[in-house]
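Here the structure is laid out as structure tokens; the discussion comes afterwards.
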Amino acid sequence: MFLNFLNTRQFNTVFLGGISVGAVLFLVVNLIPFFQNENTDWSTSAFGLAAVMGGLVVLVPNSEVRLLLLGNIKLKWIVSIYLGLQFAFFMVTNKPAAISYILVIGLGIIFTKQLQQGKDWSIILKKKNNKLKVVKRSYTYTSKTTEKEYPDQQQIDQILDKISLKGYESLTSREKEMLFRASKKED
């Protein structure tokens, strides 16, 4: 759904940014003695998904998703319930992950708000286009003016007959070229 509204580079920025920022935040928060946890099992993909979902709910909050038995439900409610349940799970099992999770959701929201204001953070992942080099060569053009390039007298007579019958405009570009070359021919 994210890719329907933004491009792949922006998705990768939010997802990978959520993963990396979430991982760093988790490690930093885990250093605080109050939040230290022996259980260091955590999934960084949850951080990436949280950032994407936080950004998506800001981008299109009233978009509806059709669920099989429940019908149409607005995206903001689905995201809120999912993120709330995930946060509650992290609070019970792993407090540093819960704090990191909330901050990563904020990162996704901030990214989307900045994007709406015209500031695209995904430029850091943009590939630089290789500029084309201009190669200067000296070309030598040789004009091969052989007798074969000039039309013979029979072709010239046919072209002149066509001009007298139908006018100059009736000539094809090839016939005009032949007539031009014949006029440049030196005897």
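Note that the NZ atom of Lys76 and the CG atom of Asn62 stand 4.5 Å from one another [nearest 0.5 Å]. Between Met178 atom CE and Ser173 atom OG the span is 11.5 Å, to the nearest 0.5 Å. To the nearest 0.5 Å, atoms CD1 (Ile73) and OG (Ser63) are separated by 12.5 Å. Rounded to the nearest 0.5 Å, atoms CD1 (Ile163) and CD (Glu169) are 9.5 Å apart.
No chain of hydrophobic side-chain contacts below 4.5 Å, direct or via other Ile, Leu, Val, Met, Phe, Trp or Tyr residues, connects Ile102 to Val92. By the rule that hydrophobic residues join a cluster once side-chain heavy atoms approach within less than 4.5 Å of another member, Val52 and Ile81 end up as members of separate clusters. Both Leu67 and Val57 sit in one connected hydrophobic cluster of ILVMFWY residues. Membership requires side-chain heavy atoms under 4.5 Å apart, directly or through other members. Linking Ile, Leu, Val, Met, Phe, Trp and Tyr whenever their side-chain heavy atoms come within less than 4.5 Å leaves Leu85 and Met91 in two separate clusters.
Using cut-offs of 30° and 60° on the angle between ring planes, the pair Phe47 and Phe90 is tilted.
Among all heavy-atom pairs drawn from Val58 and Gln116, the shortest one is O-NE2, 3.7 Å.
With sequence neighbours excluded, no residue forms a side-chain hydrogen bond (donor to acceptor under 3.5 Å, both in side chains) with Asp152. By the side-chain hydrogen bond (donor to acceptor under 3.5 Å, both in side chains) test, Lys113 is found to be paired with no residue, residues two or more places apart in sequence or in another chain being considered.
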